[in-house]
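So the structure is just underneath, and the comments pick up after that.
All values reported here derive from a predicted model rather than from experimental measurement.
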Amino acid sequence: MTQSGLIVRVAAKGEGATADGRYAALAAPGDVLADDGTLTHGPNHVAPSCRHFPACGGCQLQHLSEAALVEYVADRVIGAARGQGIEPGPVAPAHLSPPASRRRATLHAQAIGKRIVVGFREQGSHKIVDMRECAVLAEALFAVVAPVRRLLEGWGARKLAVDIELALADQGVAMGLKGLSAEGLAQTEALLDFARDTGIARLTLDSGYGPEDVWEPEPVTVTLGGTPVSLPPGAFLQATRDGEAALVDAAREWLAGATSVADLFSGLGTFAFALAGPQCKVLAVEAARDTHLACQSAARLHGRPVHALHRDLFRNPLRVEELDRFAAVLLDPPRAGAQEQVDQLAQGKVPRIVYISCNPASWARDAARLIAGGYRLAGLRPVGQFRWSTHVELASLFVRD
């Protein structure tokens with residue numbers, strides 16, 4: 001019999017839940033919730049890794065033990081499947097990215113009086129937590145926080161509000177400052193001095209008309225599947241290198257032997273370049289023009305068997321007759337999923353489909369459509385790249401028997 005008030009799981013939004021449906025913030029499995037709302041900590045409740053928790057919106061789950069965190073990532077995926085009537089069968093152990101491994105993030109900066117605060121926003125608020133430490137950002141990304149704070153402190157703008165886009169490229173940190181304008185020589189020189197002294201690989205400024213290069217000593221690239229690919233400002237990267245490797249390894253294992261693969265929503269070519277080789281040609285389909293051109297250029301420059309196609313798969317999905325030419329399909333759509341494209345796949349005869357997702361709920365909805373079309377869920381791997389957050393990703397395999 002379950003003890004009254006015992007926290008038995010962590011719900012999708014991060015609250016602890018009892019068997020009888022009560023919820024408690026910052027509760028871990030094994031904690032006990034009393035009738036008056038007080039919480040007695042159990043063995044899965046640990047001290048947070050960062051002084052800013054729980055105020056900072058970058059993390060919601062630092063109070064969970066490693067075992068409880070891994071279980072949460074797996075449960076999010078399994079629960080989403082069962083919510084659509086799908087029994088997932090054997091599920092691979094969840095992959096969890098380690099601390100200080102996040103290689104991309106968007107921080108926010110704001111002038112408050114004479115002070116500049118830089119960091120993530122509080123959960124459900126526009127208030128910025130002034131970041132003095134961070135347990136999730138890669139060391140190279142966190143190292144630029146103090147210098148960018150000093151740069152903005154000298155800007156002299158009372159109503160300053162800036163988004164700071166950070167990505168770790170092959171050459172170092174690529175930074176984009178959105179909402180900042182350089183007026184005159186002094187501010188332009190301050191930006192150049194900042195970029196040079198901080199060792200920034202690229203600095204762009206977006207004052208409302210799109211990012212413009214301020215500093216880029218050499219072309220910025222990110223290596224995907226052993227291929228250096230140009231990294232446009234704001235382009236999507238998997239959040240951590242190890243998380244990317246976990247997803248890529250699953251795709252390689254499941255698609256071994258396929259001689260032709262259609263990589264849909266291919267982005268820069270994370271999966272296309274990993275799968276392409278002497279025995280496998282890949283069609284990489286992407287709607288974002290800058291990203292598509294970066295993939296196309298890298299394939300041509302390095303002689304990789306990847307053909308890049310510019311196409312909006314929401315408005316114009318690949319049709320059944322196009323899909324059935326391929327031995328396998330991989331798709332990695334945005335959070336909303338890919339209902340139109342999945343409907344075409346469900347009607348086709350592609351033997352193997354690998355579906356990568358950053359949203360278990362939309363994935364489960366699409367998975368149900370594939371299964372209704374005659375596919376079987378044959379592999380599932382949960383991935384927690386956004387450590388200590390409620391954001392969960394996954395890799396899955398569907399086969400037509």
Side-chain angles (χ1 to χ4, degrees), residues 77-78 80-81 84 86-93 95 224-225 238 244-267 269-286 295 304-309 311 313 317-333 337-360 362-383 393-401:
V77 175
I78 294 169
Q84 290 287 342
I86 302 168
E87 184 52 50
V91 178
H95 174 87
L224 303 171
Q238 294 293 339
E244 178 183 288
L247 295 170
V248 165
D249 287 349
R252 280 174 166 160
E253 176 186 344
W254 291 335
L255 298 184
T259 56
S260 60
V261 176
D263 180 5
L264 311 182
F265 308 96
S266 57
T270 299
F271 296 98
F273 288 114
L275 295 170
Q279 307 301 321
C280 183
K281 296 180 180 179
V282 179
L283 174 69
V285 188
E286 172 59 40
C295 176
R304 300 301 306 277
V306 173
H307 176 72
L309 175 65
R311 182 161 167 175
L313 293 172
L318 262 65
R319 304 297 174 181
V320 173
E321 57 272 20
E322 297 173 289
L323 294 165
D324 285 351
R325 301 171 186 169
F326 293 93
V329 166
L330 182 144
L331 67 159
D332 181 14
Q339 181 174 321
E340 296 82 0
Q341 186 61 77
V342 165
D343 285 344
Q344 294 295 317
L345 283 165
Q347 298 172 47
K349 299 178 182 178
V350 177
R352 288 179 281 177
I353 298 172
V354 169
Y355 192 144
I356 309 294
S357 175
C358 60
N359 184 347
S362 63
W363 165 82
R365 180 204 67 203
D366 288 347
R369 290 175 177 270
L370 290 174
I371 291 169
Y375 282 91
R376 173 174 58 88
L377 178 59
L380 188 58
R381 182 169 193 186
V383 175
E393 296 172 311
L394 63 96
S396 60
L397 171 66
F398 296 87
V399 298
R400 189 177 283 283
D401 294 324

Exercise for review: State which residues pass salt bridge (charged side-chain N to carboxylate O under 4.0 Å, His left out) with D343; sequence neighbours excluded, sorted by chain then number.
Suggested key: R369
Point to revise | salt bridge (charged side-chain N to carboxylate O under 4.0 Å, His left out) partners for R252, two or more places apart | key: none
**Study point:** Non-hydrogen atoms of R400 and V350 that approach each other most closely
**Key:** CB-O, 4.1 Å
**Study point:** Contact summary for A368 and I86, nearest pair of heavy atoms
**Key:** N-CD1, 3.7 Å
**Study point:** Test log, rule side-chain contact (heavy atoms from CB on, under 4.5 Å), inputs D332 and Q238
**Key:** CA-CA 11 Å; D332 181 14; Q238 294 293 339; 3.5 Å; yes
Point to revise | Backbone N/O of R319 and side chain of Q344: donor-acceptor pair under 3.5 Å | key: no
Study note, to complete from the structure: When every non-hydrogen atom of S362 is compared with those of S357, the smallest separation belongs to OG-OG, 4.4 Å
Check your understanding: Closest heavy-atom contact between P382 and V77?
Key -> CB-CG2, 3.8 Å
Check your understanding: Quick one: does R376's side chain have a donor or acceptor within less than 3.5 Å of a partner on D401's backbone?
Key -> no
Check your understanding: Tell me, do F271 and V248 make a side-chain contact under 4.5 Å, heavy atoms counted?
Key -> yes
Review point. Among all residues two or more places apart in sequence or in another chain, which pass the side chain to side chain contact (heavy atoms under 4.5 Å, CB included) test with S396?
Key: Y355, W363, L377, L380, L394, F398
Check your understanding: Any sub-3.5 Å donor-acceptor pair from D324's side-chain atoms to G348's backbone N or O?
Key -> no
Check your understanding: With sequence neighbours left out, what residues match R325 under side chain to side chain contact (heavy atoms under 4.5 Å, CB included)?
Key -> none
**Study point:** For P305 against C280, the heavy-atom pair lying closest together
**Key:** CG-O, 3.7 Å
Review point. Does a side-chain heavy-atom distance below 4.5 Å link Q341 with D366?
Key: no
Review point. Considering the options D263, I356, L345, which one meets the side-chain contact (heavy atoms from CB on, under 4.5 Å) requirement together with L331?
Key: L345
Practice item. Name all residues meeting the salt bridge (charged side-chain N to carboxylate O under 4.0 Å, His left out) criterion together with R365; count only those two or more places apart in sequence or in a different chain, and write none if there are none. Key: none
Point to revise | Residue pair L318 / R311: nearest heavy atoms and the distance that separates them | key: CA-NH2, 3.6 Å
List the atom pairs, with distances to 0.1 Å, where a side-chain N or O of residues 253-260 and a protein N or O form a donor-acceptor pair under 3.5 Å, not counting sequence neighbours.
| from | atom 1 | to | atom 2 | distance (Å) |
| --- | --- | --- | --- | --- |
| S260 | OG | A327 | N | 3.1 |

Check your understanding: Would you say the side chain of E244 lies within less than 4.5 Å of the side chain of L224, judging by non-hydrogen atoms?
Key -> yes
Review point. Does the side-chain contact (heavy atoms from CB on, under 4.5 Å) test come out yes or no for L330 and L275, once each step is laid out?
Key: CA-CA 10 Å; L330 182 144; L275 295 170; 4.2 Å; yes
Review point. More than 12 non-hydrogen atoms from neighbouring residues, nucleotides or ligands closer than 6.0 Å to CD on Q279, yes or no?
Key: no
